[in-house]
Amino acid sequence: MTDLKTQILDHLTENAALSFSAEKLARVLSMTSADEFTPLVQALVQLEREGKVEVTDDGEFKLVPQVKEFTGVFHRNPKALALFPMTRKCQIFSLTRTTRCTP
């Protein structure tokens, strides 16, 4: 990963609740000249394609929240669903029957 992409991700991680326009990021990263703005926009586009940042409805960039993975045994019955934690991941997940993970 390039140094610029790392700087952008570091800043967005530190301010995960906020979103930033390309202009705001340029100011924060002290990239004020026009020659520096183009690589910044290219890095933001690459990060978006990689799924690390997303564009908000306002056209600003923010960090994509990390999804926590939960593994376990899935039980289905007519009245409820349940997923019980396991120590190993399931290879097969089926909603039509109970799936058990073996240690």
Side-chain angles (χ1 to χ4, degrees):
M1 186 179 316
T2 64
D3 187 43
L4 179 57
K5 287 170 38 176
T6 304
Q7 288 177 356
I8 294 168
L9 286 175
D10 288 345
H11 182 72
L12 292 176
T13 302
E14 291 170 7
N15 301 283
L18 303 174
S19 60
F20 296 88
S21 66
E23 293 84 8
K24 287 180 191 174
L25 281 170
R27 274 181 276 162
V28 168
L29 299 175
S30 302
M31 302 178 79
T32 54
S33 73
D35 293 337
E36 294 173 317
F37 191 74
T38 301
L40 174 68
V41 173
Q42 290 173 343
L44 286 168
V45 169
Q46 288 176 353
L47 288 170
E48 183 185 9
R49 285 183 183 154
E50 293 170 6
K52 295 180 181 176
V53 299
E54 62 186 5
V55 181
T56 66
D57 293 337
D58 298 327
E60 296 185 333
F61 295 90
K62 71 182 283 186
L63 193 66
V64 172
Q66 296 295 323
V67 178
K68 293 186 179 180
E69 191 174 292
F70 188 83
T71 58
V73 177
F74 175 78
H75 295 279
R76 179 184 64 89
N77 69 42
K79 295 186 180 187
L81 299 174
L83 184 62
F84 299 98
M86 296 290 291
T87 56
R88 294 181 55 126
K89 293 182 182 179
C90 297
Q91 295 295 327
I92 300 171
F93 186 80
S94 171
L95 295 177
T96 59
R97 61 182 168 77
T98 300
T99 302
R100 293 189 185 274
C101 301
T102 55

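The residues of the chain are indexed from 1 along the displayed sequence.
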Between Ser19 and Lys62 the two heavy atoms that sit nearest each other are CB-CB, 3.9 Å

Decide whether Leu47 and Val55 are clustered together by the hydrophobic rule: side chain heavy atoms of Ile, Leu, Val, Met, Phe, Trp, Tyr closer than 4.5 Å, transitively.
-> yes

All side-chain hydrogen bond (donor to acceptor under 3.5 Å, both in side chains) counterparts of Glu23, not counting sequence neighbours | Ser21

Can you pull the salt bridge (charged side-chain N to carboxylate O under 4.0 Å, His left out) pairs that have at least one residue in residues 6-21, sequence neighbours excluded?
-> none

Nearest-0.5 Å distance that lies between atom NZ in Lys52 and atom NZ in Lys5 | 6.0 Å

Residue list, side-chain hydrogen bond (donor to acceptor under 3.5 Å, both in side chains) with Thr56, at least two apart or on another chain | none

Only counting residues at least two apart or in another chain, list the ones meeting side-chain contact (heavy atoms from CB on, under 4.5 Å) with Ser33.
-> Asp35, Glu36

Rounded to the nearest 0.5 Å, how far does CG of Leu44 lie from CD1 of Ile8?
-> 4.5 Å

With sequence neighbours excluded, what pairs up with Leu63 under the side-chain contact (heavy atoms from CB on, under 4.5 Å) test?
-> Leu9, Leu12, Thr13

For Phe20, enumerate each residue passing the ring pair (Phe, Tyr, Trp, His ring centres under 6.0 Å) test, keeping only those at least two apart in sequence or located in another chain.
-> His11

Looking at CD of Gln46 and CG of Leu4, how far apart are the two atoms once the value is rounded to the nearest 0.5 Å?
-> 9.0 Å

Enter the distance from Phe37:CZ to Leu25:CG here, rounded to the nearest 0.5 Å.
-> 9.0 Å

Do the non-hydrogen side-chain atoms of Glu48 and Val53 ever get within less than 4.5 Å of each other?
-> yes

Identify whether Val64 and Phe61 are in the same connected component of the hydrophobic contact network (ILVMFWY, side-chain heavy atoms under 4.5 Å).
-> no

